Structure formats: structure tokens, C-alpha cells
J.: 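I am attaching a structure below and will ask some questions about it afterwards.
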2 protein chains.
Amino acid sequence: MSRCENCIIRQFNSLRAMNKEELKRVSDSKVTKTVKKGEPIFEEGEKLNGVYCVRNGISKLSKLSPNGKDQIVKLATRGEILGQRSVVVEESTNLSAVAVDDMELCFIPKECITDTISKNPNFTKEMLRHMAHELKEADDVIVNMSQKNVKQRMAEAFLYLKNNFGEDEEGFLRLTLSREDLSNVVGTATESCIRIISEFKKKGLLESSGKKIKIADFKGLQRLSESL
Amino acid sequence: MSRCENCIIRQFNSLRAMNKEELKRVSDSKVTKTVKKGEPIFEEGEKLNGVYCVRNGISKLSKLSPNGKDQIVKLATRGEILGQRSVVVEESTNLSAVAVDDMELCFIPKECITDTISKNPNFTKEMLRHMAHELKEADDVIVNMSQKNVKQRMAEAFLYLKNNFGEDEEGFLRLTLSREDLSNVVGTATESCIRIISEFKKKGLLESSGKKIKIADFKGLQRLSESL
DNA sequence: TAAAAAATATGATAAATGTCAGTTTTCATA
DNA sequence: TATGAAAACTGACATTTATCATATTTTTTA
């Protein structure tokens, strides 16, 4: 099994602030898991005994609203750590995590994290920074959700998918979400989501081939997402 | 001037994790400010040289959306600290803060905070906890904003006002927001906000006297905010 | 206190979005 | 490769919400 000490992914998250000893402990106690597309990693309300470090694949973090719909709050990719928040405050998760792709994850027992928080101020500082960053992003999402209309949010979602998950050699978005998942990111009905995609294609903002979607007019989407 | 060491307000925020020395330093370098209703404390995009601890009054934290409307992301009251996030990550604020009431604040230079973060792990841990809590709340707001309709969000807003700012002896909400501010909390047009208040009054969910609003049917508002 | 300005309120209407019902396409797998 | 299920799509329609115009009330200021 590969050792955390040598893991490149660590560079992308707070674990980079751990010292050799702490990393060794993580490495010795971690468990590698694979989760197939569509399967859950954990569910809203569950008590987590640790965090999950994403080695490969993408996970959707969502919360069930009282009306029965799932709102996707965040998409987490390679290097991100799931469940940090609830381990820090020692309460059950407020989000469910489901694999959007086939995934490979490392489960790290919570003691590894909480003990390091108590002993390594640099690690704590790093986590604090990270949390602060996530909070800012959440504020932005709140503003987008409440002040932009569905079309603008859809445009924004495609820009987000490009910026965060990139494009393949031919320019197609690397991450292909189902229309339903996309509508749960944007906070709209699946049918509306589908209609807007057709509209964007007609207007030359998007192109598609099979399930793959390509952004044809980045500036256009940007303009749309920002203006009334 | 009063000393932070004796300040009760400290109990409500991360400053309680400071030791005597650190508190003394804060006390010696803090500056008390008063801000009149409607005046700004800081503006979105500004570089903050410190944080503001709310001694009295209430502040709205908002962000301008590209369409020109202000979205109120949070209402901060006695004991809360404004500007923490941007001091931690050393970037400019993502939010504007404006006094909703006449306010009394203590300005604490950022060095007091950043130095304590470097030296006092307990303080850092406390801030981390706090940030984690705020993040959870932000997630909830995202779900509400995207999955609930305006009427449900209005109901929710009144419950929030009661739970966070309380009622006076006669049962009126302590915090009276203008219809415009309220619409910026809920993320709707002012006219819609007004209409829904009238509707709630007709249905016996709310009562009012002058500018003061009273929750007449708490359970009713709760039911409305949760079901379709 | 009178006048002006701001906040609140209401109606009419348009635009955005959701819902339901049904069709077509895609995909997994027997 | 045939077939059943899931996903994607489309149209018709209902509902929600925003916008604009205007009236009324409240608050501020001269």
C-alpha cells in the first residue's frame, strides 16, 4: 500500500501541514476505499469516525431539503477532504456524500485529525485557512442563488465545471453531470435545466456530442451570468 | 475605558480562549467606535486592519450581486466578531457591514488576532470551531435559498428573527428591519416582501402595531416554511 | 408645522419557472 | 441483439414572482 508520506495529493489539502510523525500515523491507520459511481460515501446525519481524502473521482456533497429535493452544495475532487467540518465540531454531518464517478478514497480516523489539531498549531492554522476559504465560497453561492435567475445560474454552473474540473483534449468538459445532478447544483427543476441547455445550444453558447458538453462561448456565458 | 479582561461579551466569541497576557494586549490596543444606524462599518473589497467586536446593536453583512442588489448574508449581534475571515486569510473582505441599529464596536488590530493564532493553539482551535459552525449555517442558507419559495423563506426569516434577536415584553420582534432589508435577507423584490407580510397578517400568522411585528402563530410559520 | 422625501402598500401585467403528461433516446444487461 | 429501465426531451399549462405605475402613509427636514 502506498504511504501518505509520498502522496502527491496531500499537497492540495491541510495534510501538508502535518509533520513526519503525524503523517506516519495517518499512513498506518488509514484505510483505502473504492466507491462506485452512484454509491454513497456517507449520509446526512451520520456520525463520522473520520474524514475521507479523495484520491480519485468526484463526489457530490448534498443536503436534503424538507420538500424532498437534494441540493448539491459542493463538488469535491482529488485532494479534497470530506467530513472535516463535522470532525472538528464533533457533530454529525450536515451533508451527504455520493460518488459521481468511480472513486478512490482514503479513510482517516478522526483521532488522527483531532490529535493533530491539539498538538500541531500549523496544522490547525492550515485548517482554519481552508475553512475560511470555504466560507467565502459559500457566501458567494448564497448571493448567486438568491440574486440570479435560473438561466444565469446555469451559465455560472458551466463556468464552474470548466474552471474546477477542466476540459479534455477536444474541449469537452471533463465532468459530465446528469441533467438531474446539474439541476440540483443550480437549484431548479430538471425540465427547466434541460430546456435551458437546449436554449444555450441554439444560441451557440454550448455544443454537445453524445453526453459530452463543450463550452462554445465562454465570454458569452460569463456575460450572461453577470448581467440582467 | 472598560477593560476586555472584564468584558462579558467576550464569553460569546473566540476571545474567551485568549490568556491574560493576550487579552491585556487586545485591551491596550483596541479602539471603541460608535456607528449610527445606516452607517457603514466596512465595505466589500476593503482591506481590514483588524476585526470588530460587536458590543451593542446589530449589523447587516451583505454582498452586492452583479445585478445591483444587495444580498444580506448574515445579521451579527452582540458578541459577534466581524471581519475574522478576511483577517485569517489575509485578503480583502467579501462582505460589507452596515449598522442596522446604533452600534457600539471595539476595533481590534489584526496583529492581536494573527499573533494569537500563531501562539495560542486553543484560540486557533476555538476559531476553527466557530468557522466550522458558520460554514454549516451557510450550507443551510444555500439549501433554503435554492429549494424554498419566497413565501417559505419569508416565514423562515421571521422565525430566524425571533430565535436570534428575541421579542420584547409585549411579544414584538426586537429587531425591526425595513421591508427593503427584509427583502434583501430573503432574496426577493421589496414589493413581494410587502405583499407576503400582508398575506401573513391576513392569515393570522403575524400581527403588527406601527413598525413593530409580532409572531402570532409560530407553529403555523414553521409548518409553512417546511412543507410544500 | 409645512413641505419634501422616503417607506409602505396595492393593482395590473409580464416574465420566469414549476408541474404534469407523454415521447423519444440512451444504456445496461439478460 | 432484444428489451426493459432510466435519462433526456418536449409541449401545454399553472403558479410564482418580478416589474412598473401609482397611491398612501410615515418620517425627516427646512
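Owing to the predicted nature of the structure, the values given are computational and were not obtained by experimental measurement. Residue numbers begin at 1 in each chain, while the letters A, B, ... track the order of the sequences.
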J.: Tell me the interatomic distance from A:Arg153, atom CZ, to C:dA16, atom C1', rounded to whole angstroms.
T.: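 Value for this atom pair: 11 Å.
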J.: Mark up nucleotides 5-12 of chain D, 5' to 3', with B wherever a protein heavy atom is under 4.0 angstrom from a base atom, S wherever such an atom reaches only the sugar-phosphate, and - elsewhere.
T.: --SSBBBB
J.: For the pair made of CD1 in A:Ile196 and P in C:dT17, what is the distance, rounded to whole Å?
T.: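 In whole Å, C:dT17 P lies 7 Å from A:Ile196 CD1.
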J.: Got B:Leu177 and B:Phe165 here, is their nearest side-chain heavy-atom distance under 4.5 Å?
T.: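 The answer is no; the side chains never approach within 4.5 Å.
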J.: Could you measure the distance from the CG atom of B:Asn184 to the SG atom of B:Cys193? Nearest 0.5 Å is fine.
T.: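 Rounded to the nearest 0.5 Å, the CG-SG separation comes to 9.0 Å.
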J.: Could you check whether B:Glu199 pairs with B:Lys203 (Lys NZ or Arg NE/NH1/NH2 to Asp/Glu carboxylate O, under 4.0 Å)?
T.: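 The answer is yes: the pair qualifies as a salt bridge.
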J.: Rounded to whole angstroms, how far apart are CD on B:Gln147 and C1' on C:dT17?
T.: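 Distance, rounded to whole Å: 13 Å.
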J.: Tell me whether the OP1 or OP2 atom of D:dT19 has a side-chain N or O from B:Lys69 closer than 4.0 Å.
T.: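 Result: yes.
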J.: Measure from CG on B:Asn67 to P on D:dT17 and round the result to the nearest Å.
T.: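 Whole-Å distance recorded here is 17 Å.
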J.: To the nearest 0.5 Å, what is the distance between OG1 on A:Thr93 and NZ on A:Lys47?
T.: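 Nearest 0.5 Å value for the OG1-NZ distance: 10.0 Å.
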J.: I want to know whether A:Phe218 and A:Phe158 have ring centres closer than 6.0 Å.
T.: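 They do not qualify: ring centres at least 6.0 Å apart.
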J.: For the pair made of CG in B:Leu182 and C1' in C:dA9, what is the distance, rounded to whole Å?
T.: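 Spelled out: CG on B:Leu182 to C1' on C:dA9 is 15 Å.
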J.: Between A:Ile213 and A:Lys201, is any pair of side-chain heavy atoms under 4.5 Å apart?
T.: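 A side-chain contact under 4.5 Å is absent here.
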J.: Can you tell me how far CG of A:Asn163 sits from CG of A:Leu159, rounded to the nearest 0.5 angstrom?
T.: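 Interatomic distance, A:Leu159 CG to A:Asn163 CG, rounded to 0.5 Å: 6.5 Å.
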J.: N/O contacts under 3.5 Å, protein versus nucleotides 28-30 of chain C?
T.:
none

J.: Using only side-chain N and O atoms of A:Ser192, determine if any of them is under 4.0 Å from OP1 or OP2 of C:dT17.
T.: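 For C:dT17, neither OP1 nor OP2 has a side-chain N or O of A:Ser192 closer than 4.0 Å.
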J.: What is the distance, rounded to the nearest whole Å, between atom NZ of A:Lys151 and atom P of D:dA18?
T.: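 After rounding, the reported distance stands at 16 Å.
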J.: Checking A:Glu46 against A:Ser92: is there a side-chain donor and acceptor pair closer than 3.5 Å?
T.: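 No.
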J.: Using whole Å, report how far CD1 of B:Ile213 lies from P of C:dA7.
T.: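 For the pair B:Ile213 CD1 and C:dA7 P, the rounded distance is 16 Å.
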J.: With a 4.5 Å limit on heavy-atom distance, are the side chains of B:Lys74 and B:Ser62 in contact?
T.: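 Sidechains of B:Ser62 and B:Lys74: no contact.
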J.: Measuring to OP1 and OP2 of D:dT16, would you say a side-chain N or O of B:Lys148 lies under 4.0 angstrom away?
T.: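 Looking at the OP1 and OP2 atoms of D:dT16, neither is under 4.0 Å from any side-chain N or O of B:Lys148.
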